[in-house]
Amino acid sequence: MVEMTQAFDLLDVCYEQIGPDMLMSGSLQPIPDPTPIIPSENETLAIDPTVNPYEPSIIFFYKTWDPYGAFSNFSAHSIKMPEENGGNVTWSSVEHYYQASKFMGVSDSGAKDCIGKIKSAKSPEEAAKVGRSMQRLHPNLVRADWEDVKIDVMYSGLRCKFSSYPYLKSMLLATSGSVLVEASPHDLFWGGGREGEGLNYLGRLLMRLRSEFLGESSTSSESTCLAL
Ligand SMILES: Nc1c(N[C@@H]2O[C@H](COP(=O)(O)O)[C@@H](O)[C@H]2O)[nH]c(=O)[nH]c1=O
């Protein structure tokens with residue numbers, strides 16, 4: 001006859017009569033290996049088809065005080081950009097530069113006033129407010145090709161910003177493998193929108209810049225950016 005203690009390899013076996021039943025207790029041997037078993041990607045899908053092991057991580061940024069807030073155009077990183085006349089101008093933030101660019105190359109003193117007001121704006125928020133209201137109130141002062149060039153303008157400002165501050169470049173490179181999304185709930189062009197319905201052009205440009213930095217040799221020139 002096989003006893004229960006032989007079916008289970010128990011240590012420290014105890015027996016206790018509980019009413020008509022016999023309670024048998026002890027420790028199972030060997031002690032199980034506590035190392036977790038991580039299922040492979042195929043096994044994961046078989047266990048739970050709703051889990052996508054290939055899904056990339058997403059890094060959201062928006063306000064400057066967020067963990068990745070330095071990626072925002074409103075971060076207080078000045079940039080020095082060349083001008084058409086051969087000189088150069090220091091802008092207090094990418095936002096200052098971007099908003100002022102709306103009025104560049106327009107031969108109207110009103111456009112030059114707009115640029116001056118944006119340049120002296122005390123904060124990126126103020127620069128955005130002035131730039132947006134002037135664009136709305138005086139569309140004739142906005143350069144005619146603005147919609148065609150605004151992505152390139154933004155990109156040149158971003159390239160300058162991330163080339164000028166080594167720690168920003170490192171921070172951007174450290175996000176490799178993640179999708180970057182400007183979590184603006186309102187801006188469906190530069191931002192990702194509330195439900196991911198936005199085009200996320202700012203995130204896309206940062207990812208493009210990240211790829212370019214990764215593929216770049218250390219000797220590459222920063223043609224549209226000047227040392228601060
Ligand atoms: N980060 C951030 C914003 N997002 C920025 O607004 C800019 C778009 O301006 P416009 O083309 O004139 O509508 C662009 O730089 C985008 O990244 N907007 C905000 O009101 N607050 C903010 O904190």
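The shown structure was predicted, so the numbers you read here are calculated from the model rather than taken from an experiment. We count ligands from 1, going down the list as the structure has it; atoms in each ligand are counted the same way.
For Gln17, the CD atom sits in a packed shell: over 12 heavy atoms of surrounding residues, nucleotides or ligands are nearer than 6.0 Å. Heavy atoms of other residues, nucleotides or ligands lying less than 6.0 angstrom from NZ of Lys129 number 12 at most.
Between the side chain of Ser123 and the main chain of Glu126, a donor-acceptor pair closer than 3.5 Å is present.
Between Thr90 and Lys80, the closest side-chain pair of non-hydrogen atoms falls below 4.5 Å.
A salt bridge links Arg208 and Glu212; the closest N-O separation between the charged side-chain nitrogens and carboxylate oxygens is under 4.0 Å.
The residues lining ligand 1, counting any heavy atom closer than 4.0 Å, are Tyr62, Lys63, Ser72, Asn73, Phe74, Glu95, Tyr98, Gln99, Lys102, Arg132, Met154, Glu182, Asp187, Trp190, Leu202.
Closest non-hydrogen pair, Trp91 versus Met104, comes out as CZ2-CE, 3.5 Å.
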